There are 2 protein chains.
Amino acid sequence: MQQKLREHIEKIVPLTDDEFAFVLSHFTTKSYKKREFLIREGNSVKYAYFVVSGLLMLIYNNESGKQHIVSFAMEDWWESDFLAYHTQTKATMSLQCLEDTDVFCLSLEDYQQLCAGLQKMEHFFLRKANAGHIGSQQRILSFLTSNAKERYEQLLKRYPSLFQRVPKSLLASYLGVSRETLSRLAR
Amino acid sequence: MQQKLREHIEKIVPLTDDEFAFVLSHFTTKSYKKREFLIREGNSVKYAYFVVSGLLMLIYNNESGKQHIVSFAMEDWWESDFLAYHTQTKATMSLQCLEDTDVFCLSLEDYQQLCAGLQKMEHFFLRKANAGHIGSQQRILSFLTSNAKERYEQLLKRYPSLFQRVPKSLLASYLGVSRETLSRLAR
DNA sequence: TTTAAATTGTGATGTTTGTCACGCAGGGGA
DNA sequence: TCCCCTGCGTGACAAACATCACAATTTAAA
């Protein structure tokens with residue numbers, strides 16, 4: 001499990017054993033069962049999570065109780081309600097397991113100490129944040145340029161494993177269409 | 001003009017005069033006229049831009065030549081085709097002036113030297129990148145949860161000045177609806 | 001000033017997508 | 001074993017939105 005985290009970080013910044021020990025001392029680990037919540041809307045957001053194994057979904061519920069999937073988080077992904085995390089406000093989204101999931105947990109305080117204590121890690125998080133920004137912008141682009149069918153095909157192409165692991169109704173929610181429409185598209 | 005950049009950075013990290021001189025030495029400045037391009041699709045992306053005054057739009061043109069506005073960049077915003085910038089690949093988007101615009105230009109090399117040479121600046125960019133990621137995610141949420149009229153009203157509320165500065169047809173493109181639909185919504 | 005181009009509004013019509021309703025199949029718990 | 005819940009497909013209809021066409025107005029250029 002530690003090895004997974006180390007390899008993930010070392011894709012961007014190489015670490016000595018001592019440095020990795022320092023990094024590791026800022027994390028805790030936790031296991032969750034399918035359907036458990038890591039973050040609940042309205043609660044405070046203590047951690048950002050690194051997914052070692054399993055699958056999470058980040059959910060936004062609007063006033064009328066309709067559920068929208070903001071993102072899925074698979075192995076090697078970082079996830080949280082980052083707005084609430086960084087600003088220390090109440091969560092507006094929920095983070096829930098779609099499968100049994102193992103994560104590393106990083107509190108905001110530990111995140112800040114890690115960045116301050118080891119510039120390599122600040123650099124690592126900068127690279128991750130840039131990648132996250134670019135990825136979100138690509139998703140915005142797909143909403144601007146593509147209809148439901150095209151978005152569906154792009155998702156299928158990019159993350160084929162999701163179609164084995166996630167109910168179609170949730171994929172529909174991620175794509176921003178009704179489950180009925182998705183069902184008709186997939187022909 | 002320098003003062004604008006300094007104040008912008010110091011909202012996040014305070015700088016000594018020497019530090020700011022170091023920062024400044026990595027930037028160049030440039031002025032563009034309305035309708036000029038800072039980045040053209042297909043060309044290399046030399047710089048990320050900090051907008052001192054004026055207004056830019058980031059545009060994606062799909063295969064059939066239809067123009068989609070990915071974002072507007074006003075005073076105090078950073079903008080570029082960040083994917084092409086960070087990966088040193090050809091631009092897939094264009095960056096064009098909607099008004100006469102003054103910018104600071106930062107090459108990738110200078111960006112990296114700045115981050116390596118002054119941890120405060122790496123921290124500054126990390127904060128900016130996180131904010132950018134969160135902002136994009138909010139925009140994704142608006143596509144998932146809101147119809148055209150609601151997105152229009154959210155934009156009006158958040159950036160009222162845009163409605164004086166930008167043709168409605170471009171706002172429509174940013175919102176992902178046709179200009180005719182936007183025209184009918186605005187009643 | 002005159003002329004051309006860009007911007008905006010609006011009607012008519014077609015397409016896409018959402019909503020409601022129903023049926024069917026499969027799997028896990030009592 | 002039985003049953004209920006979840007997931008999935010599909011028909012009928014309504015709502016949202018795109019597209020095409022045209023006119024009026026404003027802006028910018030010659």
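Computed from a prediction, not measured in an experiment: that's the story for all the values here. Each chain gets a letter, A, B and so on, in the order its sequence line appears, and its residues count up from 1.
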**Message:** Using 0.5 Å steps for rounding, measure from the CG atom of Leu55(A) to the CD atom of Gln96(A).
**Reply:** 11.0 Å
**Complete:** Each nucleotide of nucleotides 13-30 of chain D classed B (base within 4.0 Å of a protein heavy atom), S (only sugar-phosphate) or -, in 5' to 3' order, makes ----SBBBB-------S-
**Fill in**
Computed from five pairs at either end and rounded to 10 degrees, the angle between the axes of the helix from dT1(C)-dA30(D) to dA30(C)-dT1(D) is 40°
**Request:** Check the distance between dT16(C)'s P and Phe143(A)'s CZ and give it to me in whole angstrom.
**Result:** 19 Å
**Prompt:** Where do Tyr85(B) and Leu106(B) come nearest, in terms of heavy atoms and distance?
**Reply:** OH-O, 2.9 Å
**Prompt:** Could you state the NZ-P distance from Lys168(B) to dT10(C), rounded to the nearest angstrom?
**Reply:** 11 Å
**Asked** In whole Å, what is the span from the CG atom of Leu171(B) to the C1' atom of dT8(C)?
**Response** 13 Å
**Asked** How many Å lie between CG on Leu170(A) and P on dT6(D), as a whole number?
**Response** 13 Å
**Request:** Supply the atom-to-atom distance Lys30(B) NZ to Leu38(B) CG, rounded to the nearest 0.5 angstrom.
**Result:** 8.0 Å
**Prompt:** Any sub-3.5 Å donor-acceptor pair from Ser169(B)'s side-chain atoms to Arg179(B)'s backbone N or O?
**Reply:** no
**Message:** Check the orientation of Phe50(B) and His8(B). Use parallel for under 30°, tilted for 30 to 60°, and perpendicular for over 60°.
**Reply:** tilted
Donor-acceptor pairs under 3.5 angstrom involving side-chain atoms of residues 124-136 of chain A: please list them, not counting sequence neighbours.
from	atom 1	to	atom 2	distance (Å)
Asn130(A)	ND2	Leu126(A)	O	3.4
Asn130(A)	ND2	Tyr111(B)	OH	3.2
Ser136(A)	OG	Gly132(A)	O	3.1

**Request:** Specify the closest pair of heavy atoms between Leu156(A) and Phe163(A), including all atoms of both residues, with the distance to one decimal.
**Result:** CA-CE1, 3.3 Å
**Complete:** Rounded to whole Å, the CZ-P distance (Arg165(B) to dT7(C)) equals 17 Å
**Request:** Give Ser169(B) one of three labels, base, sugar-phosphate or nothing, depending on what nucleic acid heavy atoms sit under 4.0 Å from its own.
**Result:** sugar-phosphate
**Asked** From Asp81(B) CG over to His86(B) NE2, what is the distance, rounded to the nearest 0.5 angstrom?
**Response** 10.0 Å
